[in-house]
There are 2 protein chains.
Amino acid sequence: MVEYLSDRLDATFAALADPTRRGMLATLATGDQTISDLAAPYAMSLAAASKHVKKLEAAGLVTREIRGRSHICRLDAAALREAHAWTERYQKFWAGRLDALEAALATDIHKPERTEND
Amino acid sequence: MVEYLSDRLDATFAALADPTRRGMLATLATGDQTISDLAAPYAMSLAAASKHVKKLEAAGLVTREIRGRSHICRLDAAALREAHAWTERYQKFWAGRLDALEAALATDIHKPERTEND
DNA sequence: TAAATATTCAACCATATGGTTTAGTATCTT
DNA sequence: AAGATACTAAACCATATGGTTGAATATTTA
């Protein structure tokens, strides 16, 4: 099963589209955290926070190491690289460097049966 | 009504989390397009494509100029700057430049009643 | 062993999302 | 004026999302 760039971008951007999850990533940037740690700042159940972490994990933004009864989460910023690279192209557009944008578009990875640069 | 960074990021990332919409942005990077132009590559109704464009517009990624019966869409990459800036911080993390990350986190814009860097 | 702790699972709920179809509103063309 | 074109609106549908609560599982502590 090949996992396509597009699918990973879907998951990554969707994971980032929630302020709770972005906050969790910010917390993780300061160091590894348990689920409880990550849940603490939010007015929601542990179960709800647990689901958020699971979504971050599914997007590859977070890895989990189970140690005893604690689940220790670690930021894995690698998945963000693709998202960052995607937005990068439009930054170039915004900056007026259309030549650079076109060069970037020309090097796109394509998913079969889809014609656009997604 | 102040519109908070977090809310705009929600809308931007959510808009980017769909391959149809990312494809539309890629098309728009090559020049202005009508709704029909944007819809053409996809196997969906015009109405469905129209909804996608509306979401891009709501996220501030696209502007629309109505000329006669045609709606001409233009890429507005400005909204992407915040998303790009957000992911930028984690790029620094990934690159091992933790000092730079911490500096970036320290300059965050905060929404009242929320403590995290979202 | 019993109780507390850390977390997930399952069922449920309200709302959002992405699609459809049909109808409606302008605008352009003939 | 009539018809074609470009699009939006509204109603509808299936599934996803983000939350809840209560129960289950594992592990640590007393």
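Chain letters run A, B, ... following the sequence lines, proteins first and then strands; every chain starts at 1. All values reported here derive from a predicted model rather than from experimental measurement.
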Whole-Å distance, Ile66(A) CD1 to dT28(D) C1', equals 16 Å
Roughly, in whole Å, what's the span from CG in Leu38(A) to C1' in dA6(C)?
13 Å
Where Ala15(A) and Ala59(A) come nearest, the two heavy atoms and their spacing:
CB-CB, 3.9 Å
If the plane angle is over 60° it's perpendicular, under 30° parallel, otherwise tilted; pick one for His84(A) and His84(B).
parallel
Can you tell me how far C1' of dC9(C) sits from NE2 of His71(A), to the nearest Å?
12 Å
Leu56(A) and Ile72(A): same hydrophobic cluster, using ILVMFWY side-chain contacts below 4.5 Å?
no
When you measure only distances, ignoring hydrogens and angles, does the side chain of Arg69(A) come within 3.5 Å of the base of dT7(C) through a donor and an acceptor?
no
Please report the shortest heavy-atom distance between Pro19(A) and Asp10(B), naming the atom on each side.
CD-OD1, 3.3 Å
Atom pair distance, as rounded to whole Å: CD1 in Ile35(A) and P in dT5(C)
18 Å
Protein within reach of the bases, or only the backbone? For nucleotides 11-24 of chain C, mark each nucleotide 5' to 3' as B, S or -, using heavy atoms under 4.0 Å.
B-----SSBBB---
Can you give me the closest heavy-atom contact between Leu16(A) and Trp86(B), atom names plus distance?
CD2-CZ3, 3.7 Å
For residues 44-54 of chain A, which residue pairs qualify under side-chain hydrogen bond (donor to acceptor under 3.5 Å, both in side chains), counting only residues two or more places apart or in two chains?
Arg21(A)-His52(A)
